[in-house]
Amino acid sequence: MLPVDLPGTVRDALLAPLVDHHCHGVRRDDLNRAQFELLVGDGAASAPPGTTRFDTPFGVAVRRWCAPVLDLEPHAPPAVYLARRAELGAAEVNRRLLGEAGVVAFLIDTAADDVETLTAAEMGRHGGAAADELVRIERIERDVAETAQIAVDYLDGLGEELTARAARAVGLKTVIGALYGLDFDPARPTRGAVIAAANRRLADPKEPLTDPVLLRHLLWCAIDVARERGLPVQFDAGFGGRAPAEPHRADPARLGAFARQLQPLGVPIILLHCYPYHRQAAYLAGALPHVYVDVGLALPHTAAASARVMDELLELAPFHKQLFSSGCRGLAETAYLAALSYRRALATALGSRLAQGEWSAADAARVAHMIGSANARRVYRL
Amino acid sequence: MLPVDLPGTVRDALLAPLVDHHCHGVRRDDLNRAQFELLVGDGAASAPPGTTRFDTPFGVAVRRWCAPVLDLEPHAPPAVYLARRAELGAAEVNRRLLGEAGVVAFLIDTAADDVETLTAAEMGRHGGAAADELVRIERIERDVAETAQIAVDYLDGLGEELTARAARAVGLKTVIGALYGLDFDPARPTRGAVIAAANRRLADPKEPLTDPVLLRHLLWCAIDVARERGLPVQFDAGFGGRAPAEPHRADPARLGAFARQLQPLGVPIILLHCYPYHRQAAYLAGALPHVYVDVGLALPHTAAASARVMDELLELAPFHKQLFSSGCRGLAETAYLAALSYRRALATALGSRLAQGEWSAADAARVAHMIGSANARRVYRL
Amino acid sequence: MLPVDLPGTVRDALLAPLVDHHCHGVRRDDLNRAQFELLVGDGAASAPPGTTRFDTPFGVAVRRWCAPVLDLEPHAPPAVYLARRAELGAAEVNRRLLGEAGVVAFLIDTAADDVETLTAAEMGRHGGAAADELVRIERIERDVAETAQIAVDYLDGLGEELTARAARAVGLKTVIGALYGLDFDPARPTRGAVIAAANRRLADPKEPLTDPVLLRHLLWCAIDVARERGLPVQFDAGFGGRAPAEPHRADPARLGAFARQLQPLGVPIILLHCYPYHRQAAYLAGALPHVYVDVGLALPHTAAASARVMDELLELAPFHKQLFSSGCRGLAETAYLAALSYRRALATALGSRLAQGEWSAADAARVAHMIGSANARRVYRL
């Protein structure tokens with residue numbers, strides 16, 4: 001599975017079980033081709049007529065690497081792959097792909113859960129792994145907005161619900177980068193501004209939250225809870241999930257001023273995905289002691305080219321600041337390809353440093369261990 | 001010509017004739033050294049005293065790759081190259097370089113045409129290819145502004161002229177990215193604002209258009225025409241042509257909000273050049289079904305390093321969303337080096353995927369065919 | 001030391017003495033582990049508990065490449081390295097590392113000088129090289145602000161001090177990118193605005209200067225002096241020194257409008273560090289005749305991955321526009337690793353172009369000579 005020859009210790013460190021510190025549940029139902037293709041994208045739009053999402057780096061990687069897990073030849077055609085997927089059934093496919101990912105613990109954002117999606121416990125069972133929960137704060141806000149009658153209830157509800165949910169979670173997560181941008185005003189909004197915004201919000205609680213005052217208020221409440229409980233906060237940055245309207249506004253560089261303001265609080269900030277801004281993210285992770293970085297979904301989606309993405313992250317990111325995640329959502333293929341791409345990409349990066357005499361084998365093994373699981377265990381206190 | 005060994009089908013697909021979906025006419029007159037060097041740059045400024053534009057990746061590539069087309073040894077010195085160019089004469093040089101590009105159809109932005117520039121028909125004849133026209137909308141605006149007396153004439157004239165010119169064209173093109181930036185207000189401007197801006201404009205119609213209200217009005221008129229006629233709209237993005245004052249404002253990520261607004265209209269948006277923001281462009285092309293991407297001038301200008309640029313585009317761009325263009329303007333060398341760099345860069349990218357077992361040969365051949373010509377034939381309805 | 005086989009002339013050009021056109025003094029005192037690790041970062045914060053800055057690309061490179069200069073085996077553990085460093089003493093360590101850098105002239109920003117830092121003359125002596133001074137304009141401003149009583153004194157003082165200091169220097173340097181951002185208003189501020197801002201400034205002269213009006217005024221004064229004396233002006237851009245609060249605002253693309261405005265004045269603008277925006281910087285250096293580019297600190301800090309950073313700069317930067325610098329500050333290790341990384345990275349880039357037949361050996365040797373020293377000699381009139 002690894003593309004280069006490596007010393008045994010390095011190989012063992014790469015193949016050791018991973019902590020997937022950020023993912024979502026995969027679908028429990030059988031997917032037809034249209035559904036499968038939608039989930040290859042961000043779920044919002046189909047490929048244009050006459051084209052297919054199998055004509056993407058991810059699509060080719062599914063045929064190359066997932067097909068054998070379903071007992072097919074590598075490079076099986078899309079129709080053959082999907083037919084075999086249906087034949088085996090979603091439960092068996094999920095078990096195989098999640099199991100082959102070689103993951104020891106999933107940290108799961110359960111915000112989008114519906115009946116068609118595996119629960120955190122089921123993800124763990126299918127993957128033969130532990131499963132812990134990440135609290136998506138914007139989901140809590142939606143629940144509170146839908147039940148609160150007046151602004152004061154809304155504000156109290158946010159605090160209570162965040163505290164209650166955080167008590168069972170290993171981390172918090174915000175998608176403010178996609179809903180607004182990471183270039184929000186870093187100051188905590190005033191109570192007056194929040195009350196006014198909450199009143200507007202309660203008039204239309206079904207809409208996704210885009211008001212920057214409430215997004216910031218929610219985030220600051222989450223920071224308070226995170227600080228109290230010693231939890232890290234994940235920020236969706238750049239590539240991943242529903243694309244932000246203006247992708248450059250999810251560049252983690254734009255979170256710089258806010259991150260700096262958080263430095264004295266000691267709340268770890270974890271930047272997710274980050275592509276194509278992963279160099280900027282690595283820079284922040286090097287400059288600020290509480291910032292961590294991960295390229296998440298970028299690895300399975302850049303697939304055959306993921307070695308360069310990984311290598312670019314390793315250009316500057318401190319090795320104790322980098323994490324692994326799959327970012328999978330809906331498709332177990334993503335969980336498997338993420339782990340595979342991660343291991344292959346890191347193997348290439350380490351192999352090149354060893355071949356050039358830049359690193360020792362002990363360096364390489366230690367770094368693989370840190371990024372694959374040790375950093376996540378330390379930051380999330382697993 | 002290809003730098004790696006490839007299966008015959010992949011090789012054939014790479015060497016098959018290309019559709020160059022965006023270029024300008026080349027000069028018909030003999031060029032002295034100062035003129036040639038100006039055209040290596042953006043035509044606006046010479047290299048500083050004591051230096052030469054031959055000391056660029058493009059300049060070295062001219063000596064390496066174009067010299068043999070003019071019967072010289074590779075790496076011929078600049079003076080020898082230019083002497084041989086003069087000896088053969090511009091007509092013969094254009095015929096050789098355009099012909100060797102291996103292009104089956106040129107789509108040509110004829111906005112800058114003057115007597116020294118080959119017409120679209122001549123480009124086709126010299127290159128042994130079909131030639132179709134792209135309408136630069138800011139050129140139409142200039143013509144209308146120079147003849148209109150009052151705002152109403154100006155507005156009517158824009159609509160009429162766009163419609164008339166689009167009837168003979170295969171696509172529209174805007175340079176709003178260079179004149180203003182791609183971060184313009186995505187809303188269609190109000191008629192009142194347009195009338196007021198048109199009155200200001202008519203007081204000084206010789207100036208290049210930089211008023212954002214009129215640029216947006218013009219663009220929206222073009223979108224209407226494009227929608228009616230089923231034409232794509234090209235956006236100059238990042239690298240290419242006259243450098244924008246603030247290059248980051250031509251990052252196609254900044255077009256995200258406008259592009260999203262266009263999604264229901266079904267008008268294809270084609271991002272040109274995009275370097276060094278090609279990863280952002282690829283991301284948009286993956287996220288939005290009507291967005292297409294091309295690195296154009298970036299390949300001949302990055303020359304010996306173009307394989308990485310191509311590979312970075314292939315990290316994420318769906319293969320049915322990527323196109324080839326030379327972006328050539330003035331120099332037939334650019335048309336030739338673009339096709340050569342494209343074929344060599346793509347060969348390297350495909351060869352690496354084949355060698356690592358990531359793709360099948362059939363995948364590689366099909367992708368080469370799609371990017372080289374099939375996507376352009378589909379999008380431009382050639 | 002070079003990672004690839006190269007023709008003798010290319011090898012000689014790479015190994016020839018370098019002009020390090022931007023660095024700071026290194027520390028004369030023996031450093032304990034905490035001090036050493038702080039200087040590996042930007043000096044402002046330690047690595048989080050349980051981690052070490054030796055777990056960075058730079059840290060691994062120190063153990064790999066600096067250890068042998070101190071008579072240790074490559075990959076020596078951090079504790080062994082620091083013990084040997086203490087045993088030899090700072091003076092001997094500095095002599096060895098600065099000497100092994102193979103530098104013929106240091107251009108030194110002396111703004112942060114204190115008793116623990118080598119003076120420019122000492123840097124030259126330790127490194128067996130010439131030493132010239134760069135004037136950090138914000139340091140001059142601080143000195144003037146601390147002594148001026150009223151705004152008029154302050155304004156006069158700036159002009160006088162800049163003129164006096166520039167008379168002994170080979171260039172000026174600004175850190176406006178870190179203090180404010182490179183996206184400042186490119187217009188020269190009005191005298192009224194400057195006077196008002198100066199009055200505010202004199203009320204609190206110990207604070208670092210962040211007022212954009214005064215920063216711009218200072219910069220324009222520096223431009224006047226640079227123009228008069230034929231000096232270039234260095235701009236800290238992106239990576240390097242104290243990280244800017246919002247890294248994207250130090251993207252040199254944002255200096256585009258200001259740089260364009262300076263074009264008629266003929267004052268060379270030199271972009272320092274630039275990572276991860278070095279492609280944008282290369283683009284500006286190609287588009288504007290008076291703009292120069294360097295990746296400085298990015299090479300020793302990306303260390304084992306520096307070949308790609310160098311290769312990306314070479315994608316587009318004209319060869320007569322690129323310079324070498326170490327950007328070292330505090331640690332002689334940085335000066336040594338910068339020169340080493342530069343030579344190894346450029347060797348890899350040139351070797352690849354030679355192996356693919358893209359460049360001739362004469363091209364490669366000439367480019368190595370230009371970037372290593374000739375461009376700096378021309379621009380700084382050394």
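In what follows, chains are A, B, ... by sequence order, proteins preceding strands, each numbered from 1.
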Quiz item: Any ion pair linking A/R308 and C/E312 (charged N to carboxylate O, less than 4.0 Å)?
Solution: no
Exercise. Could you walk me through whether C/V60 and A/F319 pass the side chain to side chain contact (heavy atoms under 4.5 Å, CB included) test, one step at a time?
Key: CA-CA 10 Å; C/V60 176; A/F319 312 129; 3.8 Å; yes
Quiz item: If every non-hydrogen atom of A/P289 is compared with every non-hydrogen atom of C/P48, which pair is closest and at what distance?
Solution: O-CG, 3.2 Å
Exercise. In plain terms, say whether A/R260 and C/E246 are close enough for a salt bridge, that is, a side-chain N and a carboxylate O under 4.0 Å apart.
Key: no
Exercise. Please look at C/H301 and chain A and tell me whether the side chain, the backbone, both or neither of the residue comes under 4.5 angstrom of a heavy atom of that chain.
Key: both
Quiz prompt | Atom of C/R53, atom of A/G286 and distance for their closest heavy-atom approach | solution = NH2-O, 4.2 Å
Quiz prompt | Greatest number of heavy atom pairs closer than 4.5 Å to chain A - which of C/A305, C/P74, C/P57 | solution = C/P57
Quiz item: Side chain, backbone, both or neither: which part of C/S46 has a heavy atom under 4.5 Å from chain A?
Solution: backbone
Exercise. Using a 4.5 Å cut-off on heavy atoms from C-beta on, say whether the side chain of A/L316 contacts that of C/Y275.
Key: yes
Quiz item: At what distance, to the nearest 0.5 angstrom, does CZ of C/R344 lie from CD of A/Q356?
Solution: 6.5 Å
Exercise. Calculate, to the nearest 0.5 Å, the distance between atoms CG and OG1 belonging to A/L314 and C/T56 respectively.
Key: 12.0 Å
Quiz item: Going by heavy atoms in the side chains, are C/P276 and A/Y277 under 4.5 Å from each other?
Solution: no
Practice problem: Enter the distance from A/E315:CD to C/T302:OG1 here, rounded to the nearest 0.5 Å. | Solution: 6.0 Å
Practice problem: Please flag which part of A/R353 lies under 4.5 Å from any non-hydrogen atom of chain C: side chain, backbone, both or neither. | Solution: side chain
Quiz item: Does C/R64 use its side chain to pair, donor to acceptor, with the backbone of A/G357 at less than 3.5 Å?
Solution: yes
Quiz item: Quick one: does C/T51's side chain get under 4.5 Å of A/P318's, heavy atoms only?
Solution: no
Exercise. Can you see which heavy atom on A/A253 is nearest to which on C/P247, and at what distance?
Key: O-CD, 3.4 Å
Exercise. Measure distances from A/A259 to the heavy atoms of chain C and classify the residue's part below 4.5 Å as side chain, backbone, both or neither.
Key: neither
Quiz item: Stepwise, does the salt bridge (charged side-chain N to carboxylate O under 4.0 Å, His left out) test hold for C/R63 with A/D363?
Solution: CA-CA 11 Å; C/R63 292 171 38 232; A/D363 292 332; 3.0 Å; yes
